[in-house]
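Some notes on the structure that comes next.
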2 protein chains.
Amino acid sequence: MIELNDETKEDYVKKIIEALEKEDISVFRDIFLDFHPTDQAEIFNNLEPEQRGLVYKYLSPEEFSEIFESLDIDEQKEAAPELSKDYAADVYNNMSADDVADFLGELQQPNVREILGSMDKEEAREVQELLLYDEETAGAIMTKEFISLKSSSTVAEVIELLRKEGPEAETIYYLYVVDEDGRLAGVVSIRDLITASSEEQVENIMSTRVVSIHVKTDQEEAAQLIQKYDFLAAPVITDDNTLVGIITVDDALDVLEEEATEDFGEITASRGSTDVNITSYQAAKLRTPWIILLMFFGLGTAEVINRFESTLETVVLLAAFIPLIMGSAGNTGTQSLAVSVRSLATGASYKKGLARTIWREFATGLLIGSISGLVIFLLLGTFYNDFTLGLIVGGSIVLSLGAASVIGMTIPLIINKMNLDPAIASGPFITTLNDIISLLIYFTIATSFLQYM
Amino acid sequence: MIELNDETKEDYVKKIIEALEKEDISVFRDIFLDFHPTDQAEIFNNLEPEQRGLVYKYLSPEEFSEIFESLDIDEQKEAAPELSKDYAADVYNNMSADDVADFLGELQQPNVREILGSMDKEEAREVQELLLYDEETAGAIMTKEFISLKSSSTVAEVIELLRKEGPEAETIYYLYVVDEDGRLAGVVSIRDLITASSEEQVENIMSTRVVSIHVKTDQEEAAQLIQKYDFLAAPVITDDNTLVGIITVDDALDVLEEEATEDFGEITASRGSTDVNITSYQAAKLRTPWIILLMFFGLGTAEVINRFESTLETVVLLAAFIPLIMGSAGNTGTQSLAVSVRSLATGASYKKGLARTIWREFATGLLIGSISGLVIFLLLGTFYNDFTLGLIVGGSIVLSLGAASVIGMTIPLIINKMNLDPAIASGPFITTLNDIISLLIYFTIATSFLQYM
């Protein structure tokens with residue numbers, strides 16, 4: 001058995017590359033095919049172009065299709081042109097339709113048509129159907145390779161069916177039962193089948209308590225449902241309850257991973273650039289626009305401070321606490337943002353209603369602000385022994401934190417409701433907004449207290 | 001079939017509560033037990049104490065154990081005291097050992113001993129074993145309810161075994177084969193069994209290419225492995241390759257969810273407080289320490305600015321760009337932090353090695369800085385027509401962003417390597433650090449240019 005800790009893996013990879021250099025097909029196939037497709041893909045990714053060429057020669061399209069399925073879209077785009085037209089067509093025919101659709105979704109129309117044309121009619125039809133669904137919906141991530149049963153068939157018949165179709169299907173662990181019109185009627189797990197007697201009819205052992213996903217449901221919602229119920233798969237239906245596909249837990253996992261990365265990008269203004277393995281140039285190209293855009297917002301803060309230049313000139317010391325106040329407001333706002341974004345991501349329900357939740361967040365901000373404000377008041381009073389300054393800074397913190405928490409909480413929710421690009425709600429944007437508000441609060445208070453300083 | 005869209009669910013919940021008020025046990029059981037345990041738990045959570053009391057009366061410990069398994073730890077802590085000692089013991093006996101262990105892990109020693117004492121010996125033993133493993137390791141999240149096979153048994157014998165033990169096991173989709181010493185020898189999927197002839201011996205159909213997880217592996221690593229290979233379950237082994245448990249994909253999903261929330265908390269200094277449904281007081285109690293701690297760091301920035309008070313007095317306008325420079329450095333640092341934290345979370349490998357990756361990040365920061373710096377230089381030059389100021393601010397941005405990106409990238413990696421509390425690497429801490437550095441850069445440059453202003 002191939003132990004897959006990295007050391008031993010290394011050795012095997014060396015052997016594989018040796019075999020390729022010696023053009024020793026049998027040794028290559030012996031070792032390489034013994035790996036899990038995920039590992040095969042990993043090894044394949046690290047090969048030189050000419051070595052990749054040999055892989056295509058040494059592996060059947062069917063064997064290579066498993067590797068191709070395990071590649072990232074970008075890696076697939078890289079490999080596809082290296083394949084001969086017929087070889088590629090066979091690879092696509094052997095892939096599951098949803099994986100082909102995901103890949104074609106990233107290509108130009110002409111190429112898509114050419115590839116679909118080269119594929120088996122039946123396969124191409126399924127792929128085309130999947131391509132019709134909007135991106136990021138259940139329909140777009142579901143698979144068509146599922147087994148559906150008639151409620152009238154017996155357990156023995158089903159087992160026989162599994163013998164035949166099992167290898168093709170994406171999963172055989174949940175089997176969905178449909179009526180003569182193809183409408184979802186129930187579900188049978190392989191557990192139920194095995195524990196039932198072979199003459200038993202499906203309708204007597206199936207569960208009619210089926211949690212299903214509408215084909216237009218957002219992919220994240222669909223994935224959360226599968227996670228919530230600990231399902232291995234869930235049926236996807238149309239308005240009239242027709243079973244059109246299934247989503248398996250491994251696809252749900254990938255969706256949740258993808259969405260987590262997205263949320264992360266939003267909160268850090270680094271969307272689509274968190275990949276460690278792109279060049280500095282690529283990374284800078286992706287990230288600079290954010291930074292410059294945010295810098296322009298930042299000019300707003302400069303404007304605010306300029307507006308209070310006279311106040312500053314009278315008490316330059318005030319400048320020293322600009323970062324402190326902005327920082328505290330920023331941090332509190334980010335905390336609220338995290339609460340907000342996480343609650344959206346995990347689909348947490350607002351037990352007490354939205355208004356109450358926002359109010360709770362405001363109260364939280366004021367609470368945090370009052371305590372922090374008091375601390376800084378005493379601190380500045382004692383160390384700088386300037387209680388007026390303490391009052392100004394402390395008071396500003398109370399109000400700024402109250403405001404920051406509401407902004408951090410509500411903006412993502414608003415964005416989400418309006419289905420706008422959530423990046424607008426990203427941490428830095430909210431922080432900049434909070435900066436400006438807290439500076440206004442700070443200098444307004446400071447100016448009004450000026451005569452006492 | 002109970003369609004689980006929220007409206008219809010509402011109606012059923014009403015009916016359930018009515019039944020409880022009428023103390024109509026049969027109606028209650030009819031409707032309630034028709035729901036998925038996950039939904040039963042959700043409904044149960046929204047009941048009044050006295051209604052919950054009735055639920056314990058109307059449901060057998062076995063029936064309630066499924067609900068109890070679906071509750072959060074906190075909800076379990078709330079419900080447990082409401083149960084009679086014997087009822088509770090039966091509930092625990094019917095739960096899978098890993099869920100009991102997760103619950104007991106949160107209780108005080110004396111209570112744990114008392115509960116274990118009340119449970120069946122065999123069950124209690126399994127739970128105790130799981131409690132021995134460190135938190136957040138594979139051992140702590142694995143389940144003991146798995147089916148292991150002898151390589152000598154036939155497919156028919158295995159099917160027979162599944163009929164008997166199937167209902168107890170956590171999963172029957174992957175069956176692990178062990179030798180006479182209990183060492184992991186291979187794996188058979190139910191697919192293999194169904195497609196094989198019933199006289200076939202397990203050793204002839206099992207795959208010896210088993211990816212296994214060591215019992216001491218970090219839970220996140222384990223979950224990532226299951227995700228990477230699209231497994232439904234993975235075997236957990238000891239040093240001598242003895243099979244001690246399995247981790248199922250649904251547990252892996254929960255771990256990844258938990259870790260994503262943790263990362264989120266780290267980057268936003270809101271660890272453990274992203275729950276929308278806790279009170280303002282609870283939230284403030286969790287979040288205030290962070291804010292105050294960060295405020296103290298913030299005093300560092302005040303100190304820096306104070307140190308350059310004379311510079312500021314000469315050119316008060318300099319204060320106006322403090323937020324801009326700090327903001328840009330903060331945003332770039334946060335982007336780098338996101339790259340770093342995501343790469344740790346998704347276990348992305350540094351194809352080009354760590355040093356090269358950090359260097360890449362530094363180059364990225366300088367690139368972003370140079371472009372942003374140039375933009376602000378021209379902006380200030382033209383609008384404030386003060387190119388010296390532009391040079392100071394622009395130059396500070398170049399250097400600050402370079403520094404910020406390295407800090408944002410490396411600190412999480414260092415923390416991770418040192419196995420320290422990653423919260424230290426949280427966004428706000430890194431941002432505050434970047435604030436201080438960028439202020440030092442800004443005012444040092446400004447002071448040296450003072451004579452030209």
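Chain letters run A, B, ... following the sequence lines, proteins first, then strands; residues in each count from 1.
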What heavy-atom pair brings [X] and [Y] nearest, and what distance separates the two atoms?
| X | Y | value |
| --- | --- | --- |
| A/Ala283 | B/Thr364 | CB-CG2, 3.7 Å |
| B/Arg209 | A/Phe35 | NH1-O, 2.7 Å |
| A/Trp290 | B/Gln335 | CB-NE2, 3.9 Å |
| A/Ile291 | B/Ser372 | CG2-OG, 3.8 Å |

Does any part of the side chain of [Y], heavy atoms only, come nearer than 4.5 Å to the side chain of [X], both counted from C-beta?
| X | Y | result |
| --- | --- | --- |
| A/Lys228 | B/Asp39 | yes |
| B/Met295 | A/Ile397 | yes |
| B/Ile322 | A/Ile305 | no |
| B/Thr332 | A/Arg287 | yes |
| A/Arg163 | B/Ile194 | yes |

So for [X], is it side chain, backbone, both, or neither that comes closer than 4.5 Å to the heavy atoms of chain A?
| X | answer |
| --- | --- |
| B/Glu160 | neither |
| B/Leu232 | side chain |
| B/Ile325 | neither |
| B/Ser70 | neither |
| B/Ala196 | backbone |
| B/Phe308 | neither |

Side chain to side chain contact (heavy atoms under 4.5 Å, CB included) partner of A/Ile368, the single match among B/Ile292, B/Thr288, B/Leu286: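 So the option named by the test is B/Thr288.
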Is it the backbone or the side chain of [X] that comes under 4.5 Å from a heavy atom of chain B, or both, or neither?
| X | answer |
| --- | --- |
| A/Met326 | side chain |
| A/Leu379 | side chain |
| A/Tyr384 | side chain |
| A/Phe297 | neither |
| A/Leu256 | side chain |
| A/Asp435 | neither |
| A/Thr248 | neither |

Which of A/Ala302, A/Gly298, A/Ala252, A/Gly365 touches chain B most, by non-hydrogen pairs under 4.5 Å: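 Option with the greatest count: A/Ala302.
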Pick from A/Ala319, A/Ala320, A/Ser328, A/Ala284 with the largest number of heavy-atom pairs that fall under 4.5 Å of chain B: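 With the most close heavy-atom pairs to chain B, the winner is A/Ala320.
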Quick check for you: to the nearest 0.5 Å, what is the distance between [X] atom [atom1] and [Y] atom [atom2]?
| X | Y | atom1 | atom2 | answer |
| --- | --- | --- | --- | --- |
| A/Gln227 | B/Leu253 | CD | CG | 5.0 Å |
| B/Glu257 | A/Gln224 | CD | CD | 7.5 Å |
| B/Ile226 | A/Asp250 | CD1 | CG | 12.5 Å |

Pairs of heavy atoms under 4.5 Å with chain A: top-ranked of B/Asn331, B/Leu439, B/Leu367, B/Leu162: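 The option with the most such pairs is B/Asn331.
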Closest-packed option against chain A by number of heavy-atom pairs under 4.5 Å, given B/Thr301, B/Ile159, B/Ile190: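 Most heavy-atom pairs under 4.5 Å with chain A: B/Ile190.
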With B/Phe231 via ring pair (Phe, Tyr, Trp, His ring centres under 6.0 Å) - residues at least two apart: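 So B/Phe231 forms a ring pair (Phe, Tyr, Trp, His ring centres under 6.0 Å) with A/His36, B/Tyr229.
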